[in-house]
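For reference, the structure discussed in these notes is given below.
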Amino acid sequence: MLNRTQIKEVLNTMENMYPDAECELTHSNSFELTIAVLLSAQATDALVNKVTPSLFAKYKSPEDYLAVPLEELEQDIRRIGLFRSKAKNIQKLCRSLIDDFNGEIPRERDELVKLAGVGRKTANVVTSVAFGRPAIAVDTHVERVSKRLGFCRWKDSVLEVEKALMKKIPEAEWSDTHHRMIFFGRYHCKAQKPACTECPLLHLCREGKKREKKAAAQ
DNA sequence: CTCCCGATAT
DNA sequence: ATATCAGGAG
């Protein structure tokens, strides 16, 4: 596990690598962001961003999503995958926005997770990106990077990973660090082919060292 | 735990 | 061919 000094170095290095890391899902308000994050489950941001321009042009309000048959919405998001459950969740989400939240995306995480298709991770993205409040959304990249570098234990659940990060990172840096970890995971510490040989954190990375030994043995 | 699921990279 | 992608619901 990383000690305090190593954690500071990791945060500094990631800041140097990705000083302007931010949400890459195209959106222009909290409603669009929530829909985009819901759609992004098990799909790449790049693919979601190909679909949302026409989607957001057609559907501008919760009422718009409820005005079409479910099958039509399914076809409009089909390319993203998991389209049947996502379409159903979007309509359920819009229904409860109108019925329970005055048509607005709620700001509290406890309220956000009541929305269909919105779990803790999506709620954290919305609170952080749309409402500018400190949060660490643990997605596949944040989980992988945290475990490879040693912010947490390998067997930790995503909730345990989030708690470990919140404990070890100053609250004022949660949102920036969270986005930098995503960029680091997405573009450098990739799932299939991580760039360990050119990684500035290799000397303190337990997974990187493991991979080095393995490569040397070949 | 399984299921949902198409697009893309390897 | 297989792994992975800003997960969540049942």
Side-chain angles (χ1 to χ4, degrees), chain A residues 14 18 20-27 30-55 70-71 73-97 105 109-131 133-148 151 155-162 165 174-197 207 211 215:
Chain A
M14 287 190 185
Y18 308 105
D20 302 316
E22 59 183 2
C23 178
E24 294 197 297
L25 290 165
T26 309
H27 67 281
S30 61
F31 180 58
E32 287 187 358
L33 176 67
T34 305
I35 300 292
V37 180
L38 186 158
L39 290 173
S40 71
Q42 299 299 102
T44 59
D45 281 15
L47 180 60
V48 174
N49 287 336
K50 286 181 183 173
V51 172
T52 47
S54 56
L55 190 74
L70 179 60
E71 295 72 22
L73 181 55
E74 287 179 350
Q75 290 311 306
D76 289 335
I77 65 171
R78 178 177 37 83
R79 285 202 297 153
I80 296 178
L82 308 181
F83 62 92
R84 278 182 276 264
S85 43
K86 286 175 182 176
K88 196 173 299 181
N89 283 334
I90 287 173
Q91 288 198 328
K92 286 179 68 177
L93 179 151
C94 289
R95 173 46 57 197
S96 57
L97 280 185
I105 299 292
R109 189 174 61 200
D110 294 347
E111 309 272 79
L112 283 164
V113 295
K114 292 176 184 170
L115 301 171
V118 177
R120 188 182 179 92
K121 177 253 161 183
T122 298
N124 279 338
V125 174
V126 173
T127 51
S128 169
V129 175
F131 302 130
R133 297 180 56 219
I136 301 178
V138 179
D139 68 349
T140 183
H141 301 298
V142 174
E143 179 180 8
R144 182 179 64 252
V145 168
S146 297
K147 291 183 176 179
R148 280 181 177 169
F151 274 94
K155 60 180 304 179
D156 280 349
S157 66
V158 287
L159 181 58
E160 289 171 324
V161 175
E162 182 184 332
L165 292 173
W174 285 358
S175 291
D176 283 341
T177 302
H178 143 238
H179 284 110
R180 286 169 191 151
M181 289 183 85
I182 288 177
F183 273 54
F184 185 78
R186 181 179 293 159
Y187 301 117
H188 183 86
C189 189
K190 294 180 281 189
Q192 294 188 257
K193 222 179 79 180
C196 296
T197 56
E207 175 66 12
R211 285 171 179 269

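Not measured: the values here are computed from a predicted model. Letters A, B, ... mirror the listed sequences (proteins, then strands); counts begin at 1.
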Comparing nearest nucleotides in DNA chain B, the 5'-proximal residue of the pair G81(A), K50(A) is G81(A)

Same-atom distance (P) from dA1(C) to dC4(B), integer angstrom: 23 Å

Look at the rings of Y18(A) and Y187(A) and say which category their plane angle falls in: under 30° parallel, 30 to 60° tilted, over 60° perpendicular. tilted

No-hydrogen, no-angle side-chain donor-acceptor test under 3.5 Å, T26(A) and T52(A): no

Whole-Å P distance, dC5(B) and dG10(C): 13 Å

Heavy atoms of other groups near K147(A) NZ, more than 12 under 6.0 Å: yes

F83(A) CZ - dC5(B) P separation (whole Å): 5 Å

Say you pick atom P in dA6(C) and the same atom in dC3(B); how far apart are they, in whole Å? 24 Å

Might you confirm whether atom CZ of R120(A) has over 12 heavy atoms from other residues, nucleotides or ligands at distances under 6.0 Å? yes

Please encode protein proximity along nucleotides 3-10 of chain C as a string of B, S and -, counting only heavy-atom distances under 4.0 Å. -SBBBSS-

Measure the distance from CG on L39(A) to P on dA7(B) and round it to the nearest whole Å. 14 Å

Rounding to an integer number of Å, can you tell me how far K193(A) NZ sits from dT8(B) P? 19 Å

Atom NZ of K88(A) and atom P of dC3(B) are separated, to the nearest Å, by 17 Å

Can you tell me if the side-chain N/O atoms of R78(A) get under 4.0 Å from OP1 or OP2 in dC5(B)? no

Shortest non-hydrogen contact from S40(A) toward V48(A): CA-CG2, 3.7 Å

At their closest point, which heavy atom of L73(A) faces which heavy atom of A87(A), and how far apart are they? CD2-O, 3.6 Å

